[in-house]
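Hydrogens, waters and symmetry mates play no part in the numbers below; they use all other heavy atoms, side chains included. Keep in mind that this is a model prediction, so the values were computed, not measured.
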Amino acid sequence: MTGELEGQLERNIGFLEAMTLGGGTMIGAGIFILPGIAAENAGPASSVSFLIGGFVALLAALSLSELATGMPIAGGSYHYVNRALGGFFGSIVGWGMWTGLMFASAFYMIGFGQYLVGPMPFLDGRALVVLVGLVGLSLIVGVNYYGTEESSQLQNVMIGTETAIVLVYVLVGLFFVDTANLEPFAPTGPSGIIATTGIVFVSFLGFEIIATVAGEVKEPSRNIPKSMLLSVVLVTILYALVMIVSTGVIPYESLGDSLVPVSDVAVVFLGAGGVVAIVAAAAIAAISSSNSSILAAARVNFAMGRDDLMSDRLNVTHPRFGTPHRAIVATGVLTGLLVTVGLVVETIVALLAEVASFSFLVSYSLVHVSLVVFRRADPDVYDPSFRIPDFLYPAVPILGVLLSVLVITQMATTIILLGLGIVGLGMAWYVVYVRDHALDTGLLSEALAGEIEDGYRVVVPIANPATQTDLLRLAAATAQAHTDEATPELVAVNVLQVDDPSPGQNVEAERLEHQHDLLEAALTVAADLDVSLRTRALTGSHVDEAILETLVEEDADQVLLGWSGELVRDGYVFGPNLDAVVERAPCEVSLVTLHDETVGTPVALAGPGPHSQVAASRAVEFATVDDSVPTLLSVQPTTTDGDGDPKARGAAVIADVADRAGLDSSQYRSAVVVDDVEGAILDAVSQYDTVCVGLSERSDAERVNFGTIAERISQEATGNVAIVRGAYDATESPQSRRENRR
């Protein structure tokens with residue numbers, strides 16, 4: 001893509017900007033637009049509705065904080081659910097969040113139009129309200145298109161101004177509260193209070209926005225949880241106070257009839273000047289809330305494009321501004337259409353708010369479930385710097401799901417149907433588009449004990465596009481050789497090595513794209529091999545540790561690794577990412593150097609080593625690729641001490657190796673060479689396309705200093721070489737293992 005950068009977002013949002021993104025969104029919606037609707041549905045007890053909403057939001061913020069510090073990249077709830085539960089639920093949450101944020105943004109912009117048009121008697125009409133909303137939306141889309149940093153700085157100014165005005169409203173208004181107006185406190189009872197929570201929950205979307213832009217937050221491990229939790233607590237308290245003041249100053253029945261409720265209250269104790277200030281603050285709040293929502297919504301479809309859950313054309317940043325400009329424009333256009341609907345639907349304000357609330361309650365329920373899945377699966381990548389305290393787990397996710405479902409059940413039937421329609425859209429999108437694109441199946445199977453079926457499972461770490469096809473072809477051959485024993489299966493894994501995130505730039509998206517391409521190519525290769533293949537996208541600070549953990553999780557029978565064939569010094573034998581796997585893998589290991597696309601007729605060295613029989617088995621399995629018969633080769637030295645016939649001695653060694661490998665004589669040919677051992681081996685194997693040899697049991701130091709036959713073959717052979725190690729107890733120390741076999 002000429003002139004365009006793919007998937008790079010800069011980390012330029014600090015703690016203050018994160019707080020204003022989260023808190024700004026929450027202050028704008030609830031305080032200036034919703035008091036009238038809330039009071040109409042729950043009376044003075046609407047303050048309790050906000051407290052319940054804040055508590056539900058706080059539970060979600062706790063789960064999101066842990067997930068966000070474990071994976072601080074763009075996407076928020078969508079990314080965590082997609083990673084934990086797979087593409088099906090990822091599609092539901094992705095569409096739910098994207099549409100929910102657009103509904104919320106449209107809700108804010110119509111409120112923006114109402115506050116500007118309402119107090120001016122020479123202005124009137126629904127069309128003007130919508131027109132003003134569209135003008136404001138265009139301004140927001142333009143700012144977001146230009147740059148996140150500029151958007152954040154604008155947010156700081158707006159939030160500071162509106163917060164100051166709201167604090168004056170609360171502090172002065174408390175002295176004008178008439179307690180008679182607070183009676184009856186809950187005219188619609190508990191059900192009305194909970195139903196109103198569903199309406200006002202849209203006010204608490206701000207903390208989610210912090211997680212959604214996590215890929216752009218500086219010092220994410222510190223700033224994300226701090227800004228999330230603090231913004232939810234402070235704004236919840238502020239909401240409750242505003243509702244007490246609003247319903248205490250004028251009767252809730254009158255408040256329910258107002259399109260500009262806070263302005264109507266402020267005129268009682270702040271006069272005309274106060275109304276002007278409130279109108280200004282309401283306009284600013286609506287702009288800031290919509291700005292946050294557009295910013296976050298664009299990151300959601302940006303992330304969905306990155307994961308192939310939408311077109312990858314959305315996963316592109318502007319070459320000059322560094323913003324996800326296509327995702328922003330797409331979000332802005334659809335939000336504009338929602339605002340335009342306000343021309344003909346008079347009740348659009350409450351409807352937009354409730355649908356947005358429904359979408360996010362569904363998303364948060366799945367976020368709580370995802371947290372449990374991550375904890376149970378415990379992948380190597382999951383090492384969050386913030387964790388829910390032990391005494392609150394699993395109470396937080398369980399209570400979070402239950403309360404979210406409770407609030408949803410109290411919503412109006414129309415809202416539930418609309419919300420289920422969005423859920424259905426995500427499900428249909430998965431069936432039509434995502435199912436054939438999504439690579440990551442999630443961690444659910446790992447989280448459910450015993451979910452992994454018994455089978456012959458070969459794990460294949462892939463990192464090099466030039467060799468992965470041949471590696472998978474050999475792995476498929478070995479797996480299919482065990483069809484009579486168990487269901488063969490390949491697991492292709494790629495480990496994205498991540499140290500501390502760069503403070504200057506988020507490079508994860510680009511590297512994830514490369515990882516995605518590798519795994520997608522593996523699926524394509526597997527389709528031609530007629531073998532089941534799963535992919536696992538891993539992230540970790542140490543590649544070898546991530547692979548070893550996967551072998552345990554998958555209960556692997558074998559790991560097949562690519563190797564350059566070069567012996568490494570500086571304390572390593574095969575390389576820093578391979579030595580630990582070769583030494584500690586709790587399964588068979590095949591270390592393969594590929595020089596030729598043709599497997600041809602393999603040869604296995606038959607000798608007294610502990611892994612010779614595994615090398616022989618591997619040669620038989622590899623031979624099925626080209627439908628050939630492998631050779632078991634024994635090289636015997638000429639002797640002068642009358643130690644029998646070397647040919648007979650070699651034949652006996654081959655028979656012993658074949659017997660230990662469980663091979664029938666029809667599965668291999670025998671060849672015995674009588675000569676100087678090392679030179680003869682090198683000459684003999686040069687006649688074959690693929691050589692299989694057992695791993696030396698020498699210590700690493702001995703192998704580094706003096707080399708072994710197997711490793712000399714890997715360096716000098718012109719064909720393919722597989723150094724094979726059998727399975728053994730990984731808990732046994734290498735020294736004990738060598739001593740026990742001597």
For this session: Please confirm whether the backbone N or O of Val407 pairs with a side-chain atom of Thr197, one donor and one acceptor, at under 3.5 Å?
Result: no
Exercise. Backbone N or O of Gly400 within a donor-acceptor pair of the Ser404 side chain at under 3.5 Å?
Worked result: yes
Problem set entry | Distance in Å, Phe386 CZ paired with Ile224 CD1, rounded so as to fall on 0.5 Å steps | 11.5 Å
For this session: Decide yes or no for Tyr393 and Val372: does some side-chain heavy atom of the first lie under 4.5 Å from some side-chain heavy atom of the second?
Result: yes
Problem set entry | Non-hydrogen side-chain atoms of Val493 and Thr535 separated by less than 4.5 Å | no
For this session: Determine yes or no for a side-chain-to-main-chain donor-acceptor pair under 3.5 angstrom, with Arg387 supplying the side chain and Glu66 the backbone.
Result: no
Seminar exercise, completed: Correct closest heavy-atom pair for Gly198 and Met411 would be O-CE, 3.4 Å
Problem set entry | Evaluation steps, side-chain contact (heavy atoms from CB on, under 4.5 Å), between Val559 and Leu561 | CA-CA 6 Å; Val559 57; Leu561 306 128; 3.8 Å; yes
Seminar exercise, completed: For Ala297 and Thr331, the nearest pair of non-hydrogen atoms, with its separation, is CB-CG2, 3.6 Å
For this session: Report the distance from atom CD of Gln558 to atom CG of Leu551, rounding to the nearest 0.5 Å.
Result: 10.5 Å
For this session: Enter the distance from Ile416:CD1 to Ile408:CD1 here, rounded to the nearest 0.5 Å.
Result: 8.0 Å
For this session: Output yes when a side-chain donor or acceptor of Ser63 lies under 3.5 Å from a complementary backbone atom of Ala60, and no otherwise.
Result: no
For this session: Kindly determine whether Tyr364 and Val401 satisfy side-chain contact (heavy atoms from CB on, under 4.5 Å), including the steps that lead there.
Result: CA-CA 8 Å; Tyr364 293 150; Val401 172; over 6 Å; no
Exercise. Do Ser370 and Leu85 have side chains that get closer than 4.5 Å, going by heavy atoms?
Worked result: yes
Exercise. Measuring from Leu101:CG to Leu334:CG, what's the distance to the nearest 0.5 Å?
Worked result: 13.0 Å
For this session: Please name the pair of heavy atoms, one in Tyr108 and one in Ser290, separated by the smallest distance, quoted to 0.1 Å.
Result: CD1-N, 3.4 Å
Problem set entry | Short side-chain to backbone donor-acceptor contact, Asn577 and Asp544, under 3.5 Å | no
Exercise. Roughly how far, to the nearest 0.5 Å, is the CD1 atom of Ile92 from the CG atom of Asn82?
Worked result: 11.5 Å
For this session: Verify the neighbour count for atom CZ of Phe55: are there more than 12 heavy atoms of other residues, nucleotides or ligands below 6.0 Å?
Result: no
Exercise. Where is the tightest heavy-atom contact between Tyr80 and Phe374, given as atom of each residue plus distance?
Worked result: O-CE1, 3.7 Å
Exercise. Can you find a heavy atom in the side chain of Ser590 that is under 4.5 Å from one in the side chain of Thr478?
Worked result: no
Exercise. Would a 4.5 Å heavy-atom cut-off, applied to side chains only, mark Val458 and Asp557 as touching?
Worked result: no
Problem set entry | Distance, nearest 0.5 Å, that separates CD1 of Ile422 from CZ of Phe103 | 4.5 Å
Exercise. Within a strict 4.5 Å, meaning less than it, do heavy atoms of the Glu545 and Arg584 side chains meet?
Worked result: yes
Problem set entry | Closest approach of Asn144 to Ile328 (non-hydrogen atoms, all atoms of both residues) | O-CD1, 3.3 Å
For this session: Measure the shortest side-chain to side-chain distance between Leu533 and Val491 over non-hydrogen atoms and say whether it is less than 4.5 angstrom.
Result: no
Exercise. Which is it for Val329 and Arg326 under the side-chain contact (heavy atoms from CB on, under 4.5 Å) test, yes or no, and what are the steps along the way?
Worked result: CA-CA 5 Å; Val329 170; Arg326 291 179 181 171; 5.9 Å; no
Exercise. Does a side chain donor of either Ser293 or Ser105 reach within less than 3.5 Å of an acceptor in the other side chain?
Worked result: no
Problem set entry | pair Leu474-Val460: side-chain heavy atoms closer than 4.5 Å | no
Exercise. Can you name the closest pair of heavy atoms from Leu371 and Pro397 and give their distance?
Worked result: CD2-CG, 4.4 Å
For this session: Take Val459 and Leu560 through the side-chain contact (heavy atoms from CB on, under 4.5 Å) test and state the conclusion after the steps.
Result: CA-CA 6 Å; Val459 172; Leu560 192 145; over 6 Å; no
